[in-house]
*Asks:* 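Got a structure for you, written out below as structure tokens; questions coming shortly.
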Amino acid sequence: MTTDFDPARLESAWARYRAKATEAHAPFISYFNEGATTAQIESAEREVGCGFPPDLRRLLSLHNGSGDHQVLPGWELFSAERIAEEWKIWADLYRTQFKPENYSCDPSGPIKGDEWWRLRWIPFCGDGGGNHLCVDMEPAEGGSSGQVITMWHDDARRDLIAGSLTEFIEIIADDFERGALTWDDEWGGVYESNQA
């Protein structure tokens, strides 16, 4: 199943999220790179061998990653180039370990569980420790192409986080607005608040 992309919906949620994050930490917006060009996005798609969902393409066109700052709750936002780099690492492991040794995962939700990682799981952010959120371009029956899932490097659990990247941004914008997220100076990023 695919969902129709509404750019205004994504941009509205992203503006809400950025506003609350900037309210919590004034330099927040300065941590983002300039937007990716169409050529940069298309180059990454070619390297990955899969088109990105339209909401990921739009977010990259607004901000081509965030460097080392965890601008999403506990996660760095990857640039188009970094997405391709991280994907290549996983693709190499897929070919040399996961597939030959028949690794599988433990999915919660409409996620295919017959493999540890799939070539059409695109890591768009990470925690710096080998864990990612991915857009799943090959969901199980009942899922949505482009749904957001967890990918833990040392844990078989795979959870459905949101039906799309747009929905994920809406969730974290809501979380910030209700006080469940804050900027943590010690960790240098957005994390869950102890106040919620």
Side-chain angles (χ1 to χ4, degrees), residues 1-5 10 41-60 65-66 68 70-172 175 180-181 187 189-192:
M1 179 171 79
T2 58
T3 55
D4 291 331
F5 173 57
L10 171 73
I41 295 169
E42 289 175 350
S43 174
E45 290 175 321
R46 280 191 301 276
E47 290 188 55
V48 167
C50 175
F52 296 168
D55 43 9
L56 179 56
R57 289 178 62 93
R58 181 62 186 138
L59 186 59
L60 287 168
S66 64
D68 294 333
Q70 296 189 330
V71 296
L72 301 175
W75 306 99
E76 302 166 21
L77 178 64
F78 291 161
S79 65
E81 297 81 6
R82 179 85 182 273
I83 288 171
E85 289 168 11
E86 295 289 338
W87 181 89
K88 286 178 189 177
I89 292 168
W90 286 108
D92 183 55
L93 289 168
Y94 174 84
R95 286 188 275 280
T96 60
Q97 292 180 30
F98 305 157
K99 197 68 171 169
E101 297 179 27
N102 293 316
Y103 287 11
S104 61
C105 66
D106 181 20
S108 175
I111 303 165
K112 291 182 179 175
D114 59 330
E115 296 180 348
W116 184 263
W117 179 81
R118 304 184 77 79
L119 293 170
R120 292 174 60 92
W121 289 356
I122 302 169
F124 70 92
C125 62
D127 66 358
N131 303 309
H132 303 284
L133 293 183
C134 297
V135 286
D136 177 3
M137 303 305 291
E138 191 179 4
E141 185 175 344
S144 299
S145 180
Q147 66 189 13
V148 176
I149 64 170
T150 58
M151 173 61 207
W152 308 107
H153 78 280
D154 60 354
D155 188 331
R157 193 178 80 249
R158 304 289 178 262
D159 295 314
L160 176 66
I161 301 299
S164 68
L165 179 57
T166 298
E167 185 179 304
F168 172 67
I169 301 298
E170 288 174 333
I171 290 167
I172 62 175
D175 287 348
L181 296 175
W187 289 95
V190 176
Y191 289 90
E192 291 182 6

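Atoms considered below: every heavy atom in the structure, side chains included; atoms not considered: hydrogens, waters and symmetry mates.
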*Asks:* Taking all non-hydrogen atoms of both residues, which atom of G146 and which atom of V135 are closest, and how far apart?
*Replies:*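 Heavy-atom minimum between the residues: O-CG1, 3.8 Å.
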*Asks:* Could you check whether any side-chain heavy atom of I149 comes within less than 4.5 Å of a side-chain heavy atom of C134, counting everything from C-beta outward?
*Replies:*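 Of all side-chain heavy-atom pairs linking C134 with I149, at least one is under 4.5 Å.
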*Asks:* If you round to the nearest 0.5 Å, how far is CD of E42 from CD of E47?
*Replies:*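 The distance works out to 13.0 Å.
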*Asks:* Compare all side-chain heavy atoms of I169 with those of I172 and state whether any distance is below 4.5 angstrom.
*Replies:*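 Yes. Closest side-chain heavy atoms under 4.5 Å.
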*Asks:* What's the spacing between S108 OG and R157 CZ if we round to 0.5 Å?
*Replies:*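 One finds 9.0 Å between OG of S108 and CZ of R157.
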*Asks:* Under 4.5 Å between any side-chain heavy atoms of V190 and L72, yes or no?
*Replies:*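 Of all side-chain heavy-atom pairs linking L72 with V190, none is under 4.5 Å.
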*Asks:* Do other residues, nucleotides or ligands put more than 12 heavy atoms under 6.0 Å from D68 CG?
*Replies:*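 Atom CG in D68 is not crowded, with 12 or fewer foreign heavy atoms closer than 6.0 Å.
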*Asks:* Could you tell me if the side chain of W117 sits less than 4.5 Å from the side chain of M151, heavy atoms only?
*Replies:*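 In short, these two side chains touch, coming nearer than 4.5 Å.
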*Asks:* Does any part of the side chain of F5, heavy atoms only, come nearer than 4.5 Å to the side chain of R58, both counted from C-beta?
*Replies:*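 Sidechains of F5 and R58: in contact.
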*Asks:* Please name the pair of heavy atoms, one in A80 and one in L60, separated by the smallest distance, quoted to 0.1 Å.
*Replies:*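 Minimum heavy-atom contact is N-CD2, 3.8 Å.
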*Asks:* Check for a donor-acceptor pair, side chain of R158 on one end and backbone N or O of W116 on the other, with a separation under 3.5 Å.
*Replies:*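 Side chain of R158 to backbone of W116: a pair is present.
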*Asks:* Might you point out which heavy atoms bring L77 and C125 nearest each other, and give the distance in Å?
*Replies:*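 Of all heavy-atom pairs spanning L77 and C125, the closest is CA-CB, 4.2 Å.
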*Asks:* Within 45° of the six-membered ring axis of W87 and under 6.0 Å from that ring's centre, is NZ or CZ of R120 located there?
*Replies:*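 No, R120 does not lie over the aromatic ring of W87.
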*Asks:* Hey, could you give me the CZ/SG distance between R118 and C105, rounded to the nearest 0.5 Å?
*Replies:*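 Between atom CZ of R118 and atom SG of C105 there are 8.0 Å.
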*Asks:* Checking side-chain polar atoms at under 3.5 Å, does D136 have a donor or acceptor matched by the opposite partner on W121?
*Replies:*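 Note: D136 and W121 side chains meet the donor-acceptor criterion.
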*Asks:* Just checking, is any N or O donor in the side chain of T166 or D55 under 3.5 Å from an acceptor N or O on the other one?
*Replies:*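 Yes.
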*Asks:* Quick one: NE2 on H132 to CH2 on W90, what's the gap to the nearest 0.5 Å?
*Replies:*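 Reported value, rounded in 0.5 Å steps: 5.5 Å.
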*Asks:* Please round to the nearest 0.5 Å and tell me the distance separating atom CG of L165 and atom CD of E170.
*Replies:*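 Going from the CG atom of L165 to the CD atom of E170 covers 10.0 Å.
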*Asks:* If I compare all heavy atoms of P139 with all of P110, which pair ends up nearest, and what's the gap?
*Replies:*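 Where P139 meets P110 most closely, the heavy atoms are CB-O, 3.8 Å.
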*Asks:* Report the C-alpha separation of I111 and Q147 in whole Å, then their side-chain angles, then the decisive distance to 0.1 Å, and conclude whether the side chain to side chain contact (heavy atoms under 4.5 Å, CB included) test is met.
*Replies:* CA-CA 9 Å; I111 303 165; Q147 66 189 13; 3.9 Å; yes
*Asks:* More than 12 heavy atoms of other residues, nucleotides or ligands under 6.0 Å from CD of Q97: yes or no?
*Replies:*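 Yes - once you tally the heavy atoms of other residues, nucleotides and ligands closer than 6.0 Å, there are more than 12.
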*Asks:* So for atom CD, which belongs to E101, do other residues, nucleotides or ligands contribute more than 12 heavy atoms lying within a distance under 6.0 Å?
*Replies:*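 Counting neighbours around CD of E101, more than 12 heavy atoms of other residues, nucleotides or ligands fall under 6.0 Å, so yes.
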*Asks:* Could you tell me the separation between the OG1 atom of T150 and the CG atom of D127, rounded to the nearest 0.5 Å?
*Replies:*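 So the gap between those two atoms works out to 11.5 Å.
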*Asks:* For residues I83 and F124, report the shortest heavy-atom separation together with the two atoms involved.
*Replies:*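 Closest heavy-atom pair between I83 and F124: CG1-CA, 4.0 Å.
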*Asks:* Between G163 and S144, which heavy-atom pair has the shortest distance, and what is it?
*Replies:*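 In terms of heavy atoms, the two residues are closest at O-CB, 3.7 Å.
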*Asks:* Do any N or O atoms from the side chain of E86 and from the backbone of P123 form a donor-acceptor pair under 3.5 angstrom?
*Replies:*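 Not confirmed, E86 side chain does not pair with P123 backbone.
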